[in-house]
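As structure tokens, the structure follows; a few thoughts come after it.
The shown structure was predicted, so the numbers you read here are calculated from the model rather than taken from an experiment.
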Amino acid sequence: MTRPDPRPARWRQPSVLPGFGLSFGFALAWLTLIVLIPLATIFLRAAGLGWHEFLAVGFSPRAMAAYRLSFGTAAMAGLVNAVFGLLVAWVLVRYTFPGKQVVSALVDLPFALPTAVAGIALTALYAPEGWIGQYLEPLGIKVAFTSIGITIALVFIGLPFVVRSVEPVLADLGREVEEAAATLGATRWQTFTRVIFPAIGPALLTGFALAFARGVGEYGSVIFISGNMPGRTEIAPLLIVTQLEQYAYAGATAIATVMMLASFAVLLLINTVQAMSRRRMGA
């Protein structure tokens, strides 16, 4: 008689705490209730359109322009936040200076500030008659009511995701790693590119993914500074709201379905790259 293998399955890691089945069941039930059922409702509502009507609404020229604007500005804002968010996290971790706690609290301000308030404030700053826009207008630089203004708004709301993702990894890394690299003859650039960056890369990619995901679905801080011109500065979330205001619920769900599938594909790609990077670092 063959004895069962006492070793746990590869997908089920050993734990000192019992109750895997119960906790996994509760987690799966909660995920189904909060995430899967609402998403399934969107798919079912969009399926009522029929394939040809779904393509006509979900991939119309107006919708395609909105997708390009939403995903393009979210990606650009994520890249900007990846650079400057890393810089802010580095300063908060590596240096001590007066007002450090105030700066750290300001990083989290976009989390607590209503997004509509942020949109109004940014519009007041960058409008042609605004505090900053009035100096940019004579130079031929228009920020408000353009894709540049949308990107700035997404940078504002996405910065905390990168800073808070990278900050704990930098804190755990410590100065000893940099000092060891220096004693071995590495320059500062070599220390950063070959020692520090590979260690914080997965966390930085996580921050970028979070900032990108937040930017794709952002609404409140963008509608004021974008100008909402169809085909030019109309974001996809606003197009969904417009469809709902016209009682075109099936059309709204069609656009939401396209956005959801595209966002899932991008995030899946980012998570795959992140997992590969972690495995390579582990190896």
Side-chain angles (χ1 to χ4, degrees), residues 59-91 103 106-163 166 204-205 207-243 245 255 258-259 262-263 266 270:
F59 294 92
S60 65
R62 183 178 178 182
M64 294 300 296
Y67 300 148
R68 286 192 295 268
L69 182 65
S70 293
F71 285 96
T73 53
M76 181 59 64
L79 291 175
V80 173
N81 279 325
V83 176
F84 291 97
L86 173 59
L87 178 61
V88 173
W90 184 275
V91 170
V103 175
L106 288 175
V107 171
D108 292 329
L109 185 61
F111 283 146
L113 189 68
T115 55
V117 175
I120 294 173
L122 292 173
T123 304
L125 285 175
Y126 292 103
E129 299 82 13
W131 292 356
I132 300 177
Q134 62 180 335
Y135 300 106
L136 298 177
E137 188 73 14
L139 301 176
I141 302 175
K142 189 175 181 180
V143 176
F145 317 126
T146 66
S147 59
I148 299 176
I150 298 174
T151 304
I152 292 176
L154 298 184
V155 168
F156 175 82
I157 58 100
L159 179 64
F161 292 99
V162 178
V163 175
V166 175
L204 186 62
L205 192 58
F208 168 81
L210 293 174
F212 171 80
R214 172 69 187 273
V216 167
E218 179 60 22
Y219 178 79
S221 63
V222 175
I223 56 172
F224 294 100
I225 199 171
S226 66
N228 307 323
M229 292 177 283
R232 296 179 57 189
T233 60
E234 184 182 45
I235 58 174
L238 176 62
L239 183 57
I240 294 174
V241 173
T242 302
Q243 293 284 326
E245 290 176 347
I255 299 172
V258 175
M259 281 198 66
S263 300
V266 172
I270 293 175

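Ring orientation note: the planes of F208 and F212 are close to parallel, at an angle under 30° on the 30°/60° scale.
A pairwise comparison of heavy atoms in V222 and A153 identifies CG2-CB, 4.4 Å as the closest pair. Between A211 and F161 the shortest heavy-atom distance is N-CB, 4.1 Å. Residues A82 and V162 share a closest heavy-atom pair of CA-CG1, 4.0 Å. Scanning all heavy atoms of the two residues, the minimum distance from G85 to V163 falls at O-CG2, 3.6 Å. Residues V216 and S263 share a closest heavy-atom pair of CG1-OG, 3.6 Å. Nearest heavy atoms, L154 versus N81: O-ND2, 3.8 Å.
Not a single donor-acceptor pair under 3.5 Å links the side chain of T233 to the backbone N or O of F145. Listed for the E137 side chain is no donor-acceptor partner under 3.5 Å among the backbone atoms of G140. Within the 3.5 Å criterion, the main-chain N or O of A236 finds a donor-acceptor partner in the side chain of S70.
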Discussion item. The test is side-chain contact (heavy atoms from CB on, under 4.5 Å); show your working for T146 and Y126 and say whether it passes.
Written reply: CA-CA 11 Å; T146 66; Y126 292 103; over 6 Å; no
Discussion item. side-chain contact (heavy atoms from CB on, under 4.5 Å) for E218 and T115? Distances and angles first, verdict last.
Written reply: CA-CA 9 Å; E218 179 60 22; T115 55; 3.3 Å; yes
Worksheet entry | Step-by-step side-chain contact (heavy atoms from CB on, under 4.5 Å) determination, M259 to I240 | CA-CA 10 Å; M259 281 198 66; I240 294 174; 4.2 Å; yes
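Atoms CG and CD1, on L159 and I157 in that order, are 10.0 Å from each other to the nearest 0.5 Å. Summarising the geometry, atom OG belonging to S221 is positioned 10.0 Å from atom CD1 belonging to I150; distances are rounded to the nearest 0.5 Å. Note: N228 CG to L238 CG = 4.5 Å, rounded to the nearest 0.5 Å. From I255, atom CD1 reaches atom CZ of F59 across 10.5 Å, with rounding to the nearest 0.5 Å. Taken from CE in M76 to CD1 in I148, the straight-line distance is 10.5 Å, to the nearest 0.5 Å.
Residues L113 and F156 have side chains in contact (heavy-atom distance under 4.5 Å, counting atoms from C-beta outward).
Around the CZ atom of F111, the shell of radius 6.0 Å holds more than 12 heavy atoms that belong to other residues, nucleotides or ligands.
You'll find the ring centres of Y219 and F224 outside the 6.0 Å limit.
Using a 4.0 Å cut-off between a side-chain N of Lys or Arg and a carboxylate O of Asp or Glu, E234 and R62 qualify as a salt bridge.
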